[in-house]
Amino acid sequence: MAITKRKFDVVIVGAGGAGMRAALQLSEAGFKVTVLSKVFPTRSHTVAAQGGIAASLGNVTEDNWHWHMYDTVKGSDYLGDQDAIEFMCRQASEVVYELEHFGMPFDRLENGKIYQRPFGGQSQNFGGAQATRSCAAADRTGHALLHTLYQRNVRANTQFFIEWMGLDLIRDEQGAVLGVTALEMETGEVMALQARAVLLATGGGGRVFQASTNAFINTGDGLGMAARSGIPLEDMEFWQFHPTGVYGAGVLISEAVRGEGGYLLNKDGERFMERYAPNARDLASRDVVSRALTMEIKEGRGCGNNADHLMLKLNHLDANIINMRLPGIREIAIKFAQVDPIKEPIPVVPTAHYMMGGIPTNLYGQVVVPYKTGPEEVVQGLYAVGECACISVHGANRLGTNSLLDILVFGRAAGSQIIEDLKKISHHKQLPTSATDKSLARLARLDSQKDGESVAQVADVLRKTMQAHCGVFRFADMLKEGVTKISKLVEQADHTEIRDKSRVFNTARVEALELTNLAEVALATMVSAEARKESRGAHARDDFSIRDDDKWLKHTLYFSEGRRLDYKPVRLKPLTVESFPPKARTY
Amino acid sequence: MRFSIYRYDPDKDEKPYMQEYDIVLEPADKMLLDALIRIKVVDDSLSLRRSCREGVCGSDGMNINGRNGLACITPISELKEPVELRPLPGLPVIRDLIVDMTQFFKQYHSIKPYLINNDPPPETERLQSPEERAELDGVYECVLCACCSTACPSFWWNPDKYVGPAALLQAYRFLADSRDQATAERLDNLEDPYRLFRCHSIMNCVDTCPKGLNPTKAINKIKGMMVKRTV
């Protein structure tokens, strides 16, 4: 079968905030770029971010990037790489102002400056009073940001391949990445897209959990592509459970609710966060708050007939504040919880939200893997940014509103790095003759599979298994059993059968391909979690309940082939300032 | 629950047809999208777009019992049976409930949907008062689902010439932004018997918008700006 080949300077896989920030950099520099996306760009999951973007503008309270850096290092439970964290926090104000100049409709303060609100884990003066650091457009910051970046890309004439799915990386014998194979959903055609640089910006894989705030499209496609081509996945045991997903529906209720003065209650009407985090209370780090909710439920203080959720109260706030600052939350609560938060509290539970781990990169977005010269050798031609990447700025636990910051800072940094690197790579390397074999074989297998597994059923069992075996609290026997169960599901995901054989917009085929990516993500998570015998950030084990810096102050690297684990040191040395040494983490 | 759903696969069907489904829902199935996903488990060939499942991405616009809406925020309890589902009207169908939105986005792009300000940017933010920013409320929240434009008879007749309510709402979003400097250019771009003035205030757009936005009001404001600059 003859495969169409197309040639670009840069192929970006994913049109969320990270991919589009990088695309803008490259388009404006005159490169021939294409951005592949499974959905129209403004439908990418960045659109669902609510609360804000962290930057120490100091518009409301005194602030500076060094305090932001401290909070981020502490929030990461010291697993974050301090050079990357310094890099991000230093650039935060600049990328936010730049976004404002692009037209972002931020809310405003009386003096005309960007509105900022407090968020969890933000402090002044290295652990002092609450800081007010999150720049917001009501509770629709992600929507406003994603549309602004798309609009700016329209201005820059960026080329998009809309409703295309990336399938596999094309690598040569030396390991350099030469392009990707991709599926055009409307026609069912597979193409080889040749590029001097490939940037993965495919977002997270939060759909591996049953209760998830994530969109259907968040299936870890970039991670699957990387893992299948021999690239390790870093720190996959660290998943953020957001404390406040709508009970039953999983839809996100922003931390901005607590930032604006809302708080959590148990069935006795008690503000239980005072017991778990005496100072920060409801604005402690997300891992801390999610564990507190889970403990309350476990100890019988949950609400409702099944005592299985808690209440998020904001009806003591002025209705005008709710309508002006939290209109989207009100809409969601009315639609998905059937309560009007102006009058009643919202039922909530911890819900899988964000993947701290991902494809290992340095702070320029270059993918780095262990090789002859050390643990972080650059893979030629491959870059990753956003939730699919692990730089690592979030370590073991991300702070709220640091993710939108991450995509802007590192989207831009990766764009700039690619521009530099392309000066040295003046031509496309010849694609190997086998470039598309792997992808075509996967599709041919799907087309001919008989008596296979149902995609929906395998996916359902996978999500339930992840939820039960790898949740907020983790247990040794459950993790062990989880590895066995997920391994079996990985096999099944490779033997799925679809009844729909149409070439045209075959969503059954897309979902089957997505399932193989989800399975990679799930297994990487379970194996990494089983092996890490300590509790750190979002990884909380029953049998090893404290952080163990002597043995575990290191990043996990999971290799799909052979399900092998390796480790590499945390970068404790920042770029210019003193290191923040690990210390006890309390809020 | 009973459904009657528009089906068409150009790979095998000569013409579209309506397919009946009768499925048992679970208590957790609250929204129309939940039901469609349950149908897809038994018939994986049913094709539709969906992503965020909370009404912010704008993927799952469709015609639901004769009215355009987003499946993910349409409560099942409010639907009369059999629930009749069709693709958004007026756009070419790619397959089943999936329409070709090229024309819709072409109109969106035609209004120059980006801030135009040719002054060198300041070192910090451009200032904007809360009152100036409030002009963008009810406008910037559009999710580009196309429910409004595909409910508009003027857009059905002239999708190539009439900008349509969604893109006009966005045209107003930039006209209303105190930071934008291209007011005259933007109005020139719409000064045309079709582009703006095909809106006859039928107000289907207002009636159908799943986000509760009001494109007609924005269109009237643009018309007002046109009048103002001629006198």
Side-chain angles (χ1 to χ4, degrees), chain A residues 39-40 42-45 47-48 57 93 96-98 100-103 105-115 137-138 140 142-144 147-148 150-152 154-155 186 188 215-217 248-249 251-252 328 331-332 335-336 454-457 498-500 502-508 511, chain B residues 9-12 28 30-31 37 40-41 43-59 73 75 94-96 98 100-101 105 108-109 112-117 121-130 132-133 136-137 140-144 173-174 177 179-180 211-212:
Chain A
V39 294
F40 185 78
T42 62
R43 316 210 189 289
S44 305
H45 192 54
V47 80
L57 307 185
S93 296
V96 166
Y97 291 140
E98 188 180 65
E100 193 283 325
H101 300 154
F102 291 168
F106 282 113
D107 283 8
R108 299 294 172 148
L109 297 161
E110 278 307 319
N111 63 10
K113 292 184 171 185
I114 293 170
Y115 173 76
R140 304 186 176 102
H143 172 281
H147 281 254
T148 301
Y150 177 68
Q151 291 159 356
R152 194 75 179 179
V154 169
R155 179 178 176 270
E186 187 177 332
F216 283 102
I217 53 172
V251 177
L252 174 68
E331 197 181 321
I332 285 172
K335 288 202 168 104
F336 288 93
S454 139
V455 174
Q457 209 179 334
I498 53 173
R499 277 156 289 171
D500 186 356
S502 174
R503 281 169 303 171
V504 181
F505 226 112
N506 188 328
T507 49
E511 287 179 23
Chain B
D9 176 0
D11 215 19
K12 64 181 178 62
K30 296 279 193 299
M31 299 293 177
I37 286 163
K40 203 161 164 53
V41 173
D43 179 0
D44 68 7
S45 71
L46 177 67
S47 304
L48 63 141
R49 294 188 175 107
R50 85 285 179 269
S51 183
C52 75
R53 61 82 165 88
E54 58 187 59
V56 297
C57 80
S59 297
I73 51 171
I94 296 174
R95 179 176 174 182
D96 298 346
I98 297 172
D100 180 350
M101 297 183 71
F105 288 119
Y108 174 59
H109 294 153
K112 299 200 173 172
Y114 43 83
L115 191 84
I116 298 175
N117 182 319
E123 274 182 31
T124 61
E125 67 267 65
R126 291 193 176 99
L127 299 181
Q128 187 173 48
S129 71
E132 286 167 336
R133 168 59 183 77
L136 309 182
D137 284 333
Y140 83 94
E141 300 93 324
C142 173
V143 298
L144 299 175
R173 179 249 173 273
F174 292 99
D177 195 321
R179 300 168 295 175
D180 192 88
K211 303 302 287 181

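Scope of the values below: all heavy atoms of this structure, side chains included, with no hydrogens, waters or symmetry mates. Residue numbers start from 1 in every chain, and the chains themselves are labelled A, B, ... in the order their sequence lines are given, proteins ahead of strands.
- In this structure, chain B has no heavy atom under 4.5 Å from any part of A:Q457.
- The existence of a salt bridge linking B:E125 and A:R108 is excluded, since no basic side-chain nitrogen approaches an acidic carboxylate oxygen closer than 4.0 Å.
- Residues B:L144 and A:T42 come closest through the heavy atom pair CD1-OG1, 3.9 Å.
- In this structure, CG in A:L109 is found 12.0 Å from CZ in B:R133, a value given to the nearest 0.5 Å.
- Within the 4.5 Å cutoff, the side chain of A:F336 has heavy atoms near those of the B:M31 side chain.
- Rounding to the nearest 0.5 angstrom, the gap separating the CZ atom in A:F505 from the CZ atom in B:R49 is 5.0 Å.
- Annotation: ring-ring contact (aromatic ring centres under 6.0 Å, His included) contacts of A:H45 (sequence neighbours excluded): none.
- Aromatic ring orientation, B:Y108 versus A:Y150: parallel (interplanar angle below 30°, classes split at 30° and 60°).
- The ring-ring contact (aromatic ring centres under 6.0 Å, His included) search around A:Y115 returns none, not counting sequence neighbours.
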Would you sort out whether B:L127 and A:N111 count as a side-chain contact (heavy atoms from CB on, under 4.5 Å), showing the intermediate values?
CA-CA 8 Å; B:L127 299 181; A:N111 63 10; 5.8 Å; no

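- Only the side chain of B:I98 comes within contact range of chain A, with heavy atoms under 4.5 Å apart.
- Chain B forms the most heavy-atom pairs under 4.5 Å with one residue out of A:S93, A:A508, A:S502, and that residue is A:S502.
- When heavy atoms are compared at a cutoff of 4.5 Å, B:L136 approaches chain A solely by way of its side chain, counted from C-beta outward.
- Of the listed residues (B:V143, B:D180, B:D137, B:I116), the one with the most heavy-atom contacts under 4.5 Å to chain A is B:V143.
- Heavy atoms of B:E141 lying under 4.5 Å from chain A belong to its backbone as well as its side chain.
- Proximity to chain A is limited to the side chain of B:I37, based on heavy atoms less than 4.5 angstrom apart.
- Minimum interatomic distance between A:G103 and B:R173 (heavy atoms only, all atoms of both residues): O-NH2, 2.9 Å.
- At most 12 non-hydrogen atoms from other residues, nucleotides or ligands lie less than 6.0 angstrom from CZ of A:R503.
- B:P121 and A:H101 make their closest contact through CB-ND1, 3.4 Å (heavy atoms, listed as atom of the first residue, atom of the second, distance).
- B:P113 is listed as a side-chain neighbour of A:V154, based on a closest heavy-atom distance under 4.5 Å.
- At a 4.5 Å heavy-atom cutoff, the contact between B:R126 and chain A is made by backbone and side-chain atoms alike.
- B:S129 touches chain A through its backbone: at least one of N, CA, C or O sits under 4.5 Å from a heavy atom, while the side chain does not.
- For the residue pair A:A48 and B:E54, the shortest heavy atom distance occurs at CB-OE2, 3.9 Å.
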What verdict does the side-chain contact (heavy atoms from CB on, under 4.5 Å) test give for B:D44 and A:E511, after you've listed the backbone C-alpha separation in whole Å, the side-chain angles of each residue and the deciding distance to 0.1 Å?
CA-CA 10 Å; B:D44 68 7; A:E511 287 179 23; over 6 Å; no

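- The parts of A:D107 that come within reach of chain B are both its backbone and its side chain, each placing non-hydrogen atoms under 4.5 angstrom from that chain.
- Annotation: maximal heavy-atom pairing with chain A below 4.5 Å, among B:G58, B:P130, B:P122, B:P75, occurs at B:P130.
- Within a 6.0 Å radius of NZ in A:K335, other residues, nucleotides and ligands contribute more than 12 heavy atoms.
- Neither the backbone nor the side chain of B:N117 comes within contact range of chain A; no heavy atoms are under 4.5 Å apart.
- What you find for A:A215 and B:C52 is that their closest heavy atoms are CB-CA, 3.7 Å.
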Pair B:R53, A:F216 - check side-chain contact (heavy atoms from CB on, under 4.5 Å), show working.
CA-CA 8 Å; B:R53 61 82 165 88; A:F216 283 102; 3.7 Å; yes

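- Of all heavy-atom pairs spanning A:T507 and B:K40, the tightest one is OG1-NZ, 2.8 Å.
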